A.B. asks: 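Sending over a structure as structure tokens; questions will come in a sec.
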Amino acid sequence: MLPRFDPTNHKACLSVLEDTTSNAKQVQDSVLEAILSCNAQTEYLRGFLSGQLDKQSFKKNLPIVTYEDCRSYIDRIANGESFNLICDRPFIVLLTRDKVQISPHEMTTCEDTTQRMFCQLLCGLLQRENVSRLDAPFASSFLKGFFFLGLLHLSPLLGRARDVTWRITGMNSNIRTGRVSDWITDAQCLSGISKFLTGPNPELAGLIEQECSKTSWEGIVKRLWPKAKCIEAIITGSMAQYIPMLEFYCGGLPLVSSLYVSSECSIGVNIDPLSKPCVFSYTIIPSMAYFEFLEVKKDHQETGHDLTENHVVVDLVDVKIGHDYEPVVTTFSGLYRYRVGDVLRVTGYYNNAPKFRFVGRQKVVLSIDMDKTYEEDLLKVVANATLLLEPHDLMLTDFTSRVDSSSFPRHYVLYWELGSKVKDVKVEPDPKVMEKCCFTVEESLDSVYRKGRRNDKNIGPLELKVVRSGAFDELMSFFVSRGSSVSQYKTPRSVTNEDAVKILEAAVVSKFVSRKIPSWELHELHSSR
Ligand code: AMP
């Protein structure tokens, strides 16, 4: 039986958590049965199952698929064919959250991101005493909102306001005068903001101005929202890169990452949200979908994950502690044995449901020859190198990478956007420090890369290119203009799109390479993953 409960009743939620995780196998079997019987008449299932809806036929006849395999069905529905090609009911929303928020819900329907964010943040400032939690889907979207608040005049996303300063046209002048800026024209935003912007409030405007004009913005979130108890956003995986920035701006507020979710389906919850981000684990909720797991084998050359032809697929309750898997989901909304593309490591069990640590995307981001650098590896090496920036009051605000094939031998390129911890101070990285960063990155890459660099010489020296402030906003605007959603946008950790590369190249302000070649033999002794 699938659980029915009141999500606002905490006791009921905990009891569902206990029940579903204790009876994980039974719940999974009934979830699969329910999905197959609801959707039995869809073109997709009829094609593979011919009415045989038992678990064995499902496992035997339905292929494990990726987005590319489903694309034609999704495109057909998008082009007007019936939803029941894949699902028994129409698609109304992509992702919804049943949640208490400070700004009126109607504002979320405004299609103009600039107007919407401005008004939502304004609501947050006007009600600063009532804000108990600040959240965003991803750490990157949280920071985007925050930069929006502070760097209104710098962000290219906000073209129309870029040449005027935050104090004059920003939210504070609205608060001071009690009048919303003329460029806010969206009816839903205007109606929403009128509930809170009811008259001039020079006292609040003065207080905000005082906080924002301090030399450092360290801890500013806590000062602007004094009753906030935590920051909630996804901060694991590729989002871990933003933790130092969040810690800096949030001044000790706990960072909470309670969910492991995707557009495909909700997957797991972190039942120990106050633990340290590095040990976050997500317990899979067996009633969310039918979960299978593809074992991800690490190859023997320290190069990360490799899916072999004969991969093993196991059920939720059969995963082994310490092993890596890619989730394969069968959902109520039309995805059958669909590979999510993430790599998860089993850290234990909560009752009978496994707990996983998010490892990264199942994706090689950089490769020249025999070397394969996975997203997880790249995140680790960049995190290592950026430790060198800390004594210089610099932060890595975003990064990406690519292989430069125009040189011989080809080489890795990293694009870094840097920010200063001291407000309004120009970012001028010391070349010696940056060269050391290059060396640290190369030295931390795996032995295949280092061998290619040092012995075989088929990989050229890694280049670190610093881009001007705002370059990654431009990159986001570019991808958003091609259909990505702002709130779900995640900076790609490697770029191949030529136009995206042009945006980055046009923003390069300085370039560095290491003066030293990375070692190989020495590290080989320590390299066991
Ligand atoms: P989207 O499909 O845009 O909703 O993004 C879903 C993807 O975000 C997942 O497949 C993961 O790669 C990533 N993600 C979601 N939750 C987490 C989490 N708690 N930690 C790390 N990455 C996550």
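As the structure lists them, so they are numbered: ligands from 1, and atoms in each ligand from 1. Values reported hereafter were calculated over all heavy atoms of this structure, with side chains retained and with hydrogens, waters and symmetry mates removed. Computed from a prediction, not measured in an experiment: that's the story for all the values here.
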A.B. asks: For atom 15 (C) of ligand 1, which of the options V261, T236, N270 provides the nearest non-hydrogen atom?
C.D. replies: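 Nearest option to atom 15 (C) of ligand 1, by heavy atoms: V261.
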
A.B. asks: Looking only at distance, does L259 have an N or O less than 3.5 Å from an N or O of ligand 1?
C.D. replies: yes

A.B. asks: Quick check on F280 - does any of its heavy atoms sit under 4.0 Å from an atom of ligand 1?
C.D. replies: no

A.B. asks: Taking only heavy atoms of F138, which atoms of ligand 1 are found under 4.0 Å from at least one of them?
C.D. replies: 5 (O), 8 (O)

A.B. asks: Regarding atom 4 (O) of ligand 1: of the candidates E264, Q488, Q362, M239, which has the closest heavy atom?
C.D. replies: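 It is Q488 whose heavy atom sits nearest to atom 4 (O) of ligand 1.
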
A.B. asks: Give the intermediate values and the outcome of side-chain hydrogen bond (donor to acceptor under 3.5 Å, both in side chains) for residues Y325 and E292.
C.D. replies: CA-CA 9 Å; Y325 298 91; E292 294 170 276; over 6 Å; no

A.B. asks: Using 4.0 Å as the upper bound for N to carboxylate O, is an ion pair formed by E376 and K380?
C.D. replies: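 Salt bridge present between K380 and E376.
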
A.B. asks: State whether the side chain of D69 and the backbone N or O of T66 hold a donor-acceptor pair below 3.5 Å, judged by distance alone.
C.D. replies: yes

A.B. asks: Would you kindly specify which portion of Y260 sits under 4.0 Å from ligand 1, judged on non-hydrogen atoms: side chain, backbone, both or neither?
C.D. replies: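 Contact part for Y260 vs ligand 1: both backbone and side chain.
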
A.B. asks: Answer yes if the ring centres of F358 and Y282 are under 6.0 angstrom apart, and no otherwise.
C.D. replies: no

A.B. asks: Going by the order shown, which atoms of ligand 1 are within less than 4.0 Å of some heavy atom of R361?
C.D. replies: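 Heavy-atom distances to R361 below 4.0 Å select 10 (O), 12 (O).
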
A.B. asks: Taking distance alone, with no angle check, do Y282 and ligand 1 share an N/O pair under 3.5 Å?
C.D. replies: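 The answer is yes, given that Y282 and ligand 1 share an N or O pair closer than 3.5 Å.
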
A.B. asks: Can D186 and R116 be counted as an ion pair, charged N to O under 4.0 angstrom?
C.D. replies: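 Looking at D186 and R116, the cut-off is not met.
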
A.B. asks: Are E232 and R133 ion-paired here, with the side-chain N under 4.0 Å from a carboxylate O?
C.D. replies: yes

